[in-house]
Amino acid sequence: MRLSTYFLPTLKQTPAEAQIVSHRLMLRAGMIRQSSAGIYSWLPLGLRVLKRIERIVREEMDAAGCHEVLMPTIQPADLWRESGRYDDYGPEMLRIKDRHERDMLYGPTNEEQITEIFRGAVKSYRDLPRNLYHIQWKFRDEVRPRFGVMRGREFLMKDAYSFDVDYAGAKRSYNRMFVAYLRTFARMGLKAVPMRADTGPIGGDLSHEFVILADTGESAVYCHPALLAHDVLAADIDYRGDLEPVVEEWTRHYAATDDKHDPGSCPVPADELVTARGIEVGHIFYFATKYSEPMGCAVTTADGDSAPVHQGSYGIGISRLAGAIIEASHDEDGIIWPDSVAPFAVGLINLKSGDPACDTAAGDLYAKLLAAGVEVLYDDRDERAGSKFANMDLIGVPWQLVVGPRGLKQGVVELKRRATGECHELSVDAALSRLVG
RNA sequence: CGGGGCGUAGCGCAGCCAGGUAGCGCAUCUGCUUUGGGAGCAGAGGGUCGCCGGUUCAAAUCCGGCCGCCCCGACCA
C-alpha cells in the first residue's frame, strides 16, 4: 500500500476524550473514529487489525471442530420470551419495534437464536456433539461505555455454542474450547490466564474467564508462576483426544482476579505469587439445559427417550482484543503490533521522495516485497524524515525498512525492529531475504 | 443510575468571572529556503462559539431549559 494514496488520518495530538493508552493510540493511529458513546467506525488500518484478529480466532475455532454460521443482529423478542430472558435482561438490551409494532431487539448475545436453529434441525443423539460459532456485532447498552473499543456498546464478538447429549460430552466440548482459547490468545502474542468465574446472567455451573496480562489492565490479577511458563503452542493438540489432562494442568494452579483474591488463604507463597494487571478477553460457560429445556431443544437418546441437550457458550471479544493487544504492547512512541495481528508486516520508508536514487531503490523493494506476498505499507509521501519515522512508530508496524540517500551511497538500507528498536544496515538483497524468508 | 467536569476552526486550547461583533498553537493552501527523528520565514483560507428560549441598545460571555461527550463510583465480552 502506498501511503500517498491510503486513508490513514493520524493525529499528532491526543483527542481530549481519550484517557487510556489504547484508546488514545487507536485514535492517533487512525484506526477508529467515535460515532457516539461506545460506538465506533473502523478505518482502514483498524479494520485490517480487526480482520487479522478475526482470522486467528476463526482458524483456531475451525481447528477445534467448530462450524461457522452467521446469525442476525436483530432478533425477535418472542424468542427471548421463550427463555424468559426478555424480561430478565433489563435496560442493557436495546429494544426496538419494526413498522408492524412487533417487538425486536439488537442482540446482546445469541443463545436463544442458536437454540432455535438447532432444535429445528437436530433430533437424534447421533447428530451430537456439535459446535456452531459466528463472528457478529453485538449491542449492549452499557450504563457507562468507556475505554474506547475495550468497553463499547457495540462490539464484535465471536460466540460459539456447543450441543451435547449429556454432561460428560459437554465437558469434552468445554475442554476443547478451553484449549482453543489458550492457543488463540498465545498466537496473538498474549499471555492469557484462565480463571474460575461466576456465570452471571448466562447461568450454569462451570465457567472460566480468560484474562490477558497488560500493565495498564483494568483489574489486578494474582496467579501461580507456572501458568505463565506453559507454552500451549509448543504442544501438539489432538482435539479428538482427551484434553482433560491439558485443562487440568491449567486449572490446578491458583489464579484469581482481585475481587476473588484473598491474601490470607492464597496457597501460593507471597514471594512466588505473580501480581499483574489483566483484561478479560474471553469467557466460556457450561450451562447445562438452561435454554434447551424451556425452548424444547431435545434429541432422542440411544434408549429412545427424549432428553434436552446440554449446552455451553464461548465468547471472545474481537474488537476488545484490538484495544487489549495495544494495552499489552506499546511504548511512548506508539503501538507495537505482534507480527500475527499487525496491519502490515513491513513499513517501507523512503526518506527522500523525489530523489531518483531513493525513489528507484524504494520502489524496487516495494515491488519485490509485494511480489513475495509481504504486506507492505510504503511511505512514499513527500514528507520530512522525522515525520515519517514518528508516524511509522505510532502505527506500530513490526518491521521498518528505511531507504535513505546516506545509506544508498554505501549500498545499504536499514532494517529496524519496532519492538526492540534494534536497527541493522544491510544490503538490499540481505534485507529482502530477511523479510521474505 | 449517583457524583463531578466539559462543549469556541480538522486537533489541542485561551477568551466567559467584570457583555461591545472571536483569538493562539498544530494541521491545511501558496511561495521561498530547508531535508536522517513530527523544519524555518512570509502570506492565505477556514468558526451556526452544542441547541432552543430569555435578559439587554448589544450575548461566546448573564439567566432558564434541552442535547451531547468525558471522568470517578456501582455493573460487564
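Numbers restart at 1 for each chain; the letters A, B, ... are given by sequence-line order, proteins then strands. Owing to the predicted nature of the structure, the values given are computational and were not obtained by experimental measurement.
Looking at the side chain of A/R151, the nearest of the listed nucleotides B/rG36, B/rC75, B/rC69 is B/rC75. Of the listed nucleotides (B/rC70, B/rG38, B/rC75), B/rC70 has the atom at the smallest distance from the side chain of A/Q19. Across B/rG38, B/rG36, B/rC69, the shortest atom-to-atom separation from the side chain of A/V402 is found for B/rG36. Of the candidates B/rC1, B/rG12, B/rA77, B/rA77 carries the atom nearest the A/R320 side chain, counting heavy atoms from C-beta on.
Near RNA chain B, meaning a heavy atom under 4.0 Å from it, residues 170-187 of chain A has no residue at all. Of the residues in residues 36-71 of chain A, those lying under 4.0 Å from RNA chain B by heavy-atom distance are A/S36, A/A37. Residues of residues 378-387 of chain A having a heavy atom closer than 4.0 Å to RNA chain B, listed by number: A/R384, A/A385, A/G386, A/S387.
When Watson-Crick and G-U wobble pairs are counted only if both distances are under 3.5 Å, B/rA9 pairs with no nucleotide at all. Judged by Watson-Crick or G-U wobble contacts below 3.5 Å, the nucleotide B/rC62 has B/rG54 as its partner. With a 3.5 Å ceiling on both atom-pair distances, B/rA14 lacks any Watson-Crick or G-U wobble partner. Across all strands shown, B/rC76 remains unpaired; no Watson-Crick or G-U wobble contact has both distances below 3.5 Å. The base-pairing partner of B/rU48, taking Watson-Crick or G-U wobble contacts with both distances under 3.5 Å, does not exist among the strands shown. Nucleotide B/rG37 is matched to nothing when pairs are restricted to Watson-Crick or G-U wobble geometry with both distances under 3.5 angstrom. The base-pairing partner of B/rG43, taking Watson-Crick or G-U wobble contacts with both distances under 3.5 Å, is B/rC29.
Nucleotides B/rA60 and B/rC17 are separated by 14 Å at their C1' atoms, to the nearest Å. Taking atom C1' on both B/rU8 and B/rU61, the two are 11 Å apart, rounded to the nearest angstrom. B/rC51 and B/rC67 have their P atoms separated by 15 Å, given to the nearest Å. Comparing the P positions of B/rG50 and B/rC11 gives a spacing of 13 Å, expressed to the nearest Å. Here, B/rC6 and B/rG53 have their P atoms 25 Å apart, quoted to the whole Å. The P atoms of B/rG10 and B/rU48 are separated by 9 Å, rounded to the nearest whole Å. The separation of B/rC49 from B/rA22, taken at their C1' atoms, amounts to 8 Å, rounded to a whole angstrom. Nucleotides B/rG19 and B/rA27 place their C1' atoms 33 Å apart, quoted to the nearest Å.
Applying the 4.0 Å criterion to OP1 and OP2 of B/rG68, one finds that A/Q34 has every side-chain N and O outside that range. Distances shorter than 4.0 Å separate some side-chain N or O of A/R144 from OP1 or OP2 on B/rC72.
The side-chain ring of A/F389 is not stacked on the base of B/rG36, judged by centre separation under 5.5 angstrom and plane angle under 30 degrees.
Nucleic acid contact class of A/G315 (heavy atoms, under 4.0 Å, all strands): none. In this structure, A/A18 reaches neither bases nor backbone, as no heavy-atom distance under 4.0 Å exists between it and the strands shown. Within 4.0 Å of A/G152, counting heavy atoms only, lies at least one base atom of the nucleic acid. A/T14 comes within 4.0 angstrom of sugar-phosphate atoms only, judged by non-hydrogen atoms across all strands, and of no base. Across all strands shown, A/N391 has heavy atoms under 4.0 Å from base atoms, whether or not it also approaches the sugar-phosphate.
Judged as a side chain to side chain donor-acceptor pair (under 3.5 Å), and not counting sequence neighbours, A/R384 has no contacts. Not counting sequence neighbours, A/D88 has no partner by the side chain to side chain donor-acceptor pair (under 3.5 Å) test. Remark: A/D215 engages no residue in a salt bridge (charged side-chain N to carboxylate O under 4.0 Å, His left out) (not counting sequence neighbours). For A/E244, the side chain to side chain donor-acceptor pair (under 3.5 Å) criterion is met by A/K171, A/N175, not counting sequence neighbours. Not a single side chain to side chain donor-acceptor pair (under 3.5 Å) links A/Q113 to another residue, sequence neighbours left out.
Inter-residue side-chain proximity for A/M26 and A/V149 is flagged as met; some heavy-atom pair is nearer than 4.5 Å. Considering only heavy atoms from C-beta on, A/V193 stays 4.5 Å or farther from A/V221 through its side chain. Within the 4.5 Å cutoff, no side-chain heavy atoms of A/L394 are placed close to those of A/I335.
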For nucleotides 40-46 of chain B, print each protein N/O atom paired with a nucleotide N/O atom at under 3.5 Å, atom names and distance only.
none

Enumerate the protein-to-nucleotides 30-33 of chain B contacts in which both atoms are nitrogen or oxygen and the separation is below 3.5 Å.
none

What nitrogen or oxygen pairs link the protein and nucleotides 23-27 of chain B at under 3.5 Å?
{"residue": "B/rG25", "atom": "N2", "partner": "A/Q13", "partner atom": "OE1", "Å": "2.9"}
{"residue": "B/rG25", "atom": "N2", "partner": "A/Q13", "partner atom": "NE2", "Å": "3.4"}

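Ion pairing between A/D103 and A/R81 holds under the 4.0 Å rule for side-chain N and carboxylate O. Salt bridge absent: A/E293 and A/K290 never bring a charged side-chain N and a carboxylate O closer than 4.0 Å. Using a cut-off of 4.0 Å between Lys/Arg side-chain N and Asp/Glu carboxylate O, A/E154 and A/R140 are scored as not salt-bridged. For the pair A/R58 and A/E68, the salt-bridge criterion is met [side-chain N within less than 4.0 Å of a carboxylate O]. Salt-bridge annotation for A/K416 and A/E422: absent, with no side-chain N of the basic residue lying under 4.0 Å from a carboxylate O of the acidic one.
The aromatic ring centres of A/Y167 and A/H310 sit 6.0 Å or more apart.
Side chain of A/T5 to backbone of A/R2: a donor-acceptor contact under 3.5 angstrom is found.
Donor-acceptor pairing under 3.5 Å, judged by distance alone, is absent between the side chain of A/R28 and the base of B/rG12. With hydrogens and angles ignored, no donor-acceptor pair closer than 3.5 Å exists between the side chain of A/R146 and the base of B/rC76.
Atom NZ of A/K51 has 12 or fewer heavy atoms from other residues, nucleotides or ligands within 6.0 Å.
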Pairs of donor and acceptor atoms involving the side chains of residues 344-358 of chain A, under 3.5 Å and at least two apart or interchain, shall be tabulated with distances.
{"residue": "A/N350", "atom": "OD1", "partner": "A/K352", "partner atom": "N", "Å": "3.1"}
{"residue": "A/N350", "atom": "ND2", "partner": "A/D359", "partner atom": "OD1", "Å": "2.9"}
{"residue": "A/N350", "atom": "ND2", "partner": "A/Y378", "partner atom": "OH", "Å": "3.4"}
{"residue": "A/S353", "atom": "OG", "partner": "A/D380", "partner atom": "O", "Å": "3.2"}
{"residue": "A/S353", "atom": "OG", "partner": "A/R381", "partner atom": "O", "Å": "2.9"}
{"residue": "A/S353", "atom": "OG", "partner": "A/K388", "partner atom": "NZ", "Å": "3.3"}
{"residue": "A/D355", "atom": "OD2", "partner": "A/A357", "partner atom": "N", "Å": "3.2"}
{"residue": "A/D355", "atom": "OD2", "partner": "A/C358", "partner atom": "N", "Å": "2.9"}

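Taking the six-membered ring for Trp and thresholds of 30 and 60 degrees, A/H283 and A/F285 have nearly parallel ring planes, at less than 30 degrees apart. Relative ring orientation between A/H208 and A/F178 is described as perpendicular, the plane-to-plane angle rising above 60° on a 0-90° scale split at 30° and 60°.
By the 6.0 Å and 45° rule, A/R95 stacks over the aromatic ring of A/Y86.
Rounded to whole Å, the distance from CG on A/N110 to C1' on B/rA77 is 13 Å. Distance A/F155 CZ to B/rC76 C1': 9 Å, rounded to the nearest Å.
Between A/M150 and A/T10, it is A/T10 whose nearest contact on RNA chain B lies nearer the 5' terminus.
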